Amino acid sequence: MIFDLDLVTEPGSERVFLNCISRLPRSYGQIRAIFDTGSPKTIISARDVFALKIPVKNLEKAPPTKGFGRGGLPSKELNNFKFILKSKDSQIKEFEMPVYVIDIDSLTKLNDEYRKSAYSIPTIIGLDFLRLFNLKLYINLKETYAFIEE
């Protein structure tokens, strides 16, 4: 199966996005995640945790999510994040994997500037996604296309 990715080119920047749909109970909705080959872990952003109403209160605490300046963001571990992708030939495939989620309850204790900064960071698809499901990532910047393949 082949899943198309969005390759977005702007002056001085090229980014690869994965569009998926969360399938958690009571947290159904679309996520536009950035592929980050430098991240070992998939991280659901504060914005998506809030928009999808992902319950974080009773989740196990995870190490702070780092790499965004200003230190780490409080995180929790969601062991069974369910989401679906639509293949190039319109087939639907469900995936389930452990992810980190930004702990939006803890963000309320931080100052306004830090909280606003935390909400501007996108959801990140890390290398764990590719490794866990034995997927291959293809990016062709010259011809401006990207996809993942089983």
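None of these values were measured; they are calculated from a predicted model.
- Around CZ of Arg15, the count of heavy atoms belonging to other residues, nucleotides or ligands within 6.0 Å does not exceed 12.
- We find the CD1-CG distance between Ile139 and Leu5 to be 7.5 Å, quoted to the nearest 0.5 Å.
- Here the closest heavy-atom approach between residue Ala118 and residue Ala46 is recorded as O-CB, 4.0 Å.
- Here the closest heavy-atom approach between residue Ser75 and residue Pro64 is recorded as OG-C, 4.2 Å.
- By the rule that hydrophobic residues join a cluster once side-chain heavy atoms approach within less than 4.5 Å of another member, Met1 and Phe83 end up as members of one cluster.
- Phe147 and Ile34 sit in two unconnected hydrophobic clusters of ILVMFWY residues. Membership requires side-chain heavy atoms under 4.5 Å apart, directly or through other members.
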Donor-acceptor contacts under 3.5 Å from residues 122-133 side chains, at least two apart:
residue, atom, partner, partner atom, Å
Thr123, OG1, Ser45, N, 3.0
Thr123, OG1, Ser45, OG, 3.2
Thr123, OG1, Asp48, OD2, 2.5
Asp128, OD1, Thr42, N, 3.1
Asp128, OD1, Thr42, OG1, 2.8
Asp128, OD2, Thr42, N, 3.0

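- Geometric assessment of Arg47 against the ring of Tyr119 yields a negative cation-pi assignment under the 6.0 Å and 45° thresholds.
- Shown here are the salt bridge (Lys or Arg N to Asp or Glu O under 4.0 Å) partners of Asp105, two or more places apart in sequence or in another chain: there are none.
- Minimum interatomic distance between Glu77 and Pro98 (heavy atoms only, all atoms of both residues): OE2-CB, 4.3 Å.
- Ser22 is linked by a side chain to side chain contact (heavy atoms under 4.5 Å, CB included) to Leu24, Ser27, Ile31, Leu52, Phe81, counting only residues two or more places apart in sequence or in another chain.
- Rounded to the nearest 0.5 Å, atoms CD (Glu149) and CD1 (Ile2) are 4.5 Å apart.
- Of all heavy-atom pairs spanning Pro40 and Gly38, the tightest one is CD-O, 3.7 Å.
- Applying the salt bridge (Lys or Arg N to Asp or Glu O under 4.0 Å) rule to Arg23 yields the partners Glu94; only residues at least two apart in sequence or on another chain are considered.
- Residues meeting the side-chain hydrogen bond (donor to acceptor under 3.5 Å, both in side chains) test with Lys93, sequence neighbours left out: Glu150.
- Legend: residues meeting side-chain hydrogen bond (donor to acceptor under 3.5 Å, both in side chains) with Gln91, ordered by chain and number and at least two apart, are Asp89.
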> How far apart are the C-alpha atoms of Phe17 and Leu7, what are their side-chain angles, what is the distance that settles it, and do they pass the side chain to side chain contact (heavy atoms under 4.5 Å, CB included) test?
Replying inline: CA-CA 6 Å; Phe17 291 95; Leu7 179 57; over 6 Å; no
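- Residues Ile44 and Leu78 form no side-chain contact, since every pair of their non-hydrogen atoms from C-beta on lies 4.5 Å or further apart.
- Lys76 contributes no side-chain N or O that, together with a main-chain N or O of Asp103, makes up a donor-acceptor pair within less than 3.5 Å.
- When side chains are defined from C-beta on, Ile43 does not count as touching Val99, because their heavy atoms never get closer than 4.5 Å.
- Separation of atoms CD1 (Ile21) and NZ (Lys86) is listed at 8.5 Å; rounding is to 0.5 Å.
- Looking at Thr144, its side chain never comes within 3.5 Å of a backbone N or O of Leu141 through a donor-acceptor pair.
- When Val56, Ile102, Ile104 are each tested for a side chain to side chain contact (heavy atoms under 4.5 Å, CB included) with Phe50, only one passes: Ile104.
- Atom CG of Leu18 sits about 11.0 Å away from atom CG of Asp4, to the nearest 0.5 Å.
- The CD1 atom of Ile84 sits 12.5 Å away from the NZ atom of Lys82 when rounded to the nearest 0.5 Å.
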